[in-house]
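Here's the structure, in structure tokens; my notes come after.
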2 protein chains.
Amino acid sequence: MYTIKEVAQKTDVSEHTLRFWAKSGFFPFLKRNQNNIRLFSEDDIAWVKIVKCLRSVGTENKAIKKYIDLCIMGDSTILERYKIIQETKQKAKQQMRELKKQLDMLDYKEKFYQNLIENNLKDEWNPMNKVKHESQAV
Amino acid sequence: MYTIKEVAQKTDVSEHTLRFWAKSGFFPFLKRNQNNIRLFSEDDIAWVKIVKCLRSVGTENKAIKKYIDLCIMGDSTILERYKIIQETKQKAKQQMRELKKQLDMLDYKEKFYQNLIENNLKDEWNPMNKVKHESQAV
DNA sequence: AGTTTGCCTGATAGTAACTCTCAAAATTTT
DNA sequence: AAAATTTTGAGAGTTACTATCAGGCAAACT
């Protein structure tokens with residue numbers, strides 16, 4: 001059994017956020033000791049990890065709560081949960097593509113500045129420099 | 001020259017957000033027509049794209065404003081801007097790795113449910129089913 | 001024994017970055 | 001010219017934290 005501090009370190013989720021998530025009903029089986037202090041089991045930590053996963057790909061807290069509730073309801077909701085995971089995966093893949101695109105743009109920008117620095121050129125794209133120039137759009 | 005609606009469609013950033021960004025000082029060269037209506041040039045659209053890029057990798061608006069201000073200041077800030085782009089790229093790469101990790105978890109979950117459905121098994125991980133079981137942690 | 005230290009608690013306030021609503025202009029469509 | 005659509009700014013509302021604070025409890029020093 002782990003205290004909130006240990007779980008925060010283990011999962012890289014702040015204590016504040018863990019309490020917030022607990023209050024949001026994300027850890028329905030989380031127990032307390034006789035002094036009202038939260039004690040996380042390994043299972044609770046697994047819940048933290050799945051919540052963290054869903055959050056990190058942009059799932060809203062309301063939707064996460066719904067997923068948790070489906071879990072609690074047991075076997076009859078397996079198909080529904082399966083579909084949620086599938087949709088989430090698709091969303092994550094889309095984010096991957098988007099992130100890749102932005103990384104390409106950053107790459108382009110980096111080279112742009114590199115060239116500028118190496119050749120001591122002016123930043124002709126900057127509209128402040130009133131020079132005829134091509135658009136910087138990648 | 002484009003109206004805000006056209007830019008919203010072109011860049012996939014909502015009109016609301018474009019106005020919010022404009023008010024935040026992200027498009028310092030954005031012009032208006034005689035009736036106070038914003039008219040975006042190709043350059044302004046390039047600004048929208050770089051702001052979108054920085055935002056999408058988690059750069060705070062305050063930091064974006066700082067970058068924009070550096071751009072306005074001209075050549076003397078090229079090295080500083082270069083460093084910002086480099087750091088942003090590193091951050092984006094880190095996000096890529098994190099997203100990959102979460103995608104692996106979703107893959108694992110998907111297969112877990114698939115197996116459950118195909119074999120009509122019980123969801124032994126769900127703490128609701130009081131069965132001895134291994135942790136679900138990936 | 002007393003007190004300090006440190007972690008934990010809930011309640012509440014504050015923050016970032018939108019997102020929405022609205023009413024009044026401006027523009028476009030019919 | 002009337003109707004429908006856009007654009008505008010101001011301001012309220014939302015989400016998901018994040019920080020602050022006072023108070024409780026327990027173990028460690030003095």
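Reckoned from all heavy atoms, side chains included, excluding hydrogens, waters and symmetry mates. Below, chain A is the first sequence line, B the second, and so on; all start at residue 1.
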Item to complete: Quick one: label B:Arg19 by what it contacts on the DNA or RNA (base, sugar-phosphate, nothing), any heavy atom closer than 4.0 Å.
Response: base
Item to complete: Only pairs at least two apart or in different chains count here, so list each side chain to side chain donor-acceptor pair (under 3.5 Å) that has a residue in residues 51-61 of chain A.
Response: A:Arg55-A:Asn61
Worksheet item: Under 4.0 Å between a side-chain N/O of A:Arg38 and OP1 or OP2 of C:dC8, yes or no?
Response: no
Discussion item. Output the rounded distance in Å from NZ (B:Lys23) to P (C:dC18).
Written reply: 13 Å
Response to the item:
Taken to the nearest whole Å, CZ/A:Arg32 to C1'/C:dC7 is 14 Å
Worksheet item: Please give, in whole Å, the distance from C:dC18 P to B:Lys52 NZ?
Response: 12 Å
Worksheet item: Under 4.0 Å between a Lys/Arg side-chain N and an Asp/Glu carboxylate O for A:Arg19 and A:Glu15?
Response: yes
Worksheet item: Relative to each other, are the rings of B:Trp21 and B:Phe26 parallel, tilted or perpendicular (30° and 60° limits)?
Response: tilted
Worksheet, complete the sentence: With B for base contact, S for sugar-phosphate-only contact and - for none (protein heavy atoms under 4.0 Å), nucleotides 13-19 of chain D reads --SSBSB
Worksheet entry | Lys/Arg N to Asp/Glu carboxylate O, B:Lys101 vs B:Glu98, below 4.0 Å | yes
Fill in: Touch class at under 4.0 angstrom, heavy-atom based, for A:Thr3 against every strand present
sugar-phosphate
Worksheet item: With the sugar-phosphate defined as primed atoms, P, OP1 and OP2, and the base as all remaining atoms, what B/S/- string results for nucleotides 25-30 of chain C, 5' to 3', for protein heavy atoms under 4.0 Å?
Response: -SS---
